[in-house]
Amino acid sequence: MKHPSHNHEAPDKSAPLKIPEIFFFDVPVYRLEEEEYYRNREKTIESVLYPNDCPLRDELRSIEDADPKSKLNLSGLLEYSYGGAWLYNEIIGYIRLHFLGTQIRGEYYAVDRQRIVRTRKKILVFRTWKLAPEREIPNSAPSDEIYSIVLQYIDDCRKELKRRYIDSSGLERIGPYVNWKALYEAS
């Protein structure tokens, strides 16, 4: 499906005037939280290095305790094959935030799969024009109120993606310093 903002054809004069969308932030959506990912990775590595059904399990541990470099090399290889670092590798989608008229909305792009598992090979595709119901922004809203409404919208998106981790930390880090009123009025 072609996104309307990527249309390079001449505008249709008979079509109604479209309000331009200005995307101002892409919020990453992760398959799971960072701590859970690393906990699962360690369990997997532990089960490969020291299988429960292996009669030499304790002996393997004592050998690696005597030569820690051998475990580091194998652990590093297993960490890589598991999926690498959580940051970036576990992203399964993005919420593209924008103002549309008097509303805050978030388009959603996500992996093109029914069942989402850890993987390095992924293609993100357009899923929906608005992930959660839009929120209205009053015309007289000051900058801090607009920012608060944007954060409320992100919380609404969390309710739509219950088993996923929406990382709004970047937005929250810069949000207090943004002139939200000017950004909103420019859209």
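Fair warning: this is a prediction, and the values are worked out from it, not measured in the lab. Positions are given from 1 along the sequence.
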Residues in side-chain contact (heavy atoms from CB on, under 4.5 Å) contact with R39, at least two apart in sequence or another chain: E35, E36
Donor-acceptor under 3.5 Å (Y153 side chain, G106 main chain): yes
Nearest heavy-atom neighbours spanning P138 and I149: CD-CD1, 3.9 Å
Results of side-chain contact (heavy atoms from CB on, under 4.5 Å) for I123 - residues two or more places apart only: V125
Pairing residues for N179 by the side-chain contact (heavy atoms from CB on, under 4.5 Å) criterion, not counting sequence neighbours: S143, K181, A182
Value rounded to 0.5 Å, distance of CD in E160 from CG in L131: 6.0 Å
Passing option when S168 is tested against I95, L97, I154, V150 for side chain to side chain contact (heavy atoms under 4.5 Å, CB included): I154
Distance (rounded to the nearest 0.5 Å) between S47 OG and E42 CD: 11.0 Å
Residue pairs, two or more places apart or on separate chains, that pass ring-ring contact (aromatic ring centres under 6.0 Å, His included) and touch residues 163-187: F24-W180, F99-Y184, Y147-W180
Minimum heavy-atom distance between P176 and R173, given as atom pair plus value: CD-O, 3.9 Å
Minimum side-chain heavy-atom gap R135-Q103 below 4.5 Å: no
Beyond-backbone contact of F23 with E107, side-chain heavy atoms, under 4.5 angstrom: yes
pair I92-R164: side-chain heavy atoms closer than 4.5 Å: yes
CD1 on I104 to CD1 on I146, rounded to 0.5 Å: 10.0 Å
Gap between atom CD1 of I91 and atom NZ of K122 - 0.5 Å precision: 7.0 Å
Nearest heavy-atom neighbours spanning D112 and R127: CA-NH2, 3.6 Å
With sequence neighbours excluded, residues passing side chain to side chain donor-acceptor pair (under 3.5 Å) with S169: D167
Heavy-atom pair with the smallest gap, counting every atom of R31 and E90: NE-OE1, 2.5 Å
Polar side-chain atom of T44 near backbone of N40 as donor-acceptor pair, under 3.5 Å: yes
Counterpart residues, side-chain contact (heavy atoms from CB on, under 4.5 Å), relative to D26 (two or more places apart): Y94, R96
Considering all heavy atoms, the nearest A141-I137 contact: CB-CG2, 4.2 Å
Minimum side-chain heavy-atom gap R41-W86 below 4.5 Å: no
Nearest-0.5 Å distance that lies between atom OH in Y37 and atom CG in N89: 6.5 Å
Backbone of A132 reached by a side-chain donor or acceptor of K159 within 3.5 Å: no
Closest non-hydrogen atom pair, I166 against R158: O-NH2, 3.0 Å
